[in-house]
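Protein chains get the first letters and strands the later ones, always in sequence-line order, with residue 1 at the start of each.
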Amino acid sequence: MKYWLMKTEPDAFSIDDLAAVGREPWSGVRNYQARNFMKAMSVGDGVLFYHSNTKVPGIVGLAEVVSEAYPDPTQFVKTSDYYDPKSTQEEPRWALVDVGFKRKFKRIVSLEELKANADRLDEFALLRRGSRLSVLPVTAGQWKTILSLE
DNA sequence: GCCAACGTTGGC
DNA sequence: GCCAACGTTGGC
């Protein structure tokens, strides 16, 4: 079992939205590194659910990977914000996985708090300077440490 | 293949 | 709303 962190802007799609729908295709990722991480995911992998671009950014709950990677259908939709004219059905460029709700944290584990515990989270990709990746790997040790902060 | 221009991300 | 950091685009 592997672990990941996935970012979302709560104004667009929050942990409460995920709780409401139960499961969601993680469409719209248009970064090759993030896409490659999703392709490396397996059903059952753990996901730290992160709220970005909000008053208190941080990890707000747990989700899980509930599908293998498959082509992101929005890349073919001309009217979609995520349409990619260079992508074809035969050779899709973008992939996604379905993400399932696990649980919402009783309280947010804020970015500030994560930074304060950086020494226990060595080389955490989220804390790397200028990190903008929306999907990134988490080690078993980092996962454990973060759960202990909840 | 270089790199300037531009667009996006995301904390603050 | 600002802006640093970074990715992508496209002219050459």
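- You'll find the ring centres of A:Trp94 and A:Tyr70 outside the 6.0 Å limit.
- Under a cut-off of 6.0 angstrom, the local environment of CD in A:Glu112 is sparse, with at most 12 non-hydrogen atoms contributed by other residues, nucleotides or ligands.
- For the segment residues 75-97 of chain A, the set of residues with a heavy atom within less than 4.0 Å of an atom of DNA chain C is empty.
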For this session: Go through the steps for A:Arg132 and A:Ser52 under the test side chain to side chain donor-acceptor pair (under 3.5 Å), then give the verdict.
Result: CA-CA 10 Å; A:Arg132 287 167 25 190; A:Ser52 68; over 6 Å; no
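- A:Leu149 and A:Leu127 fall within the same hydrophobic cluster, where Ile, Leu, Val, Met, Phe, Trp and Tyr residues are linked whenever their side-chain heavy atoms come under 4.5 Å apart, directly or through other members.
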Seminar exercise, completed: Readout for nucleotides 5-12 of chain B: B = base within 4.0 Å of protein heavy atom, S = sugar-phosphate only, - = neither; 5' to 3' it is --BBBBBS
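- Ring geometry for A:Trp26 versus A:Phe13: interplanar angle over 60°, hence perpendicular rather than tilted (30 to 60°).
- Counting non-hydrogen atoms of other residues, nucleotides and ligands closer than 6.0 Å to CZ of A:Phe76 gives a total above 12.
- Salt bridge A:Arg35/A:Asp72: absent, no basic N to carboxylate O contact under 4.0 Å.
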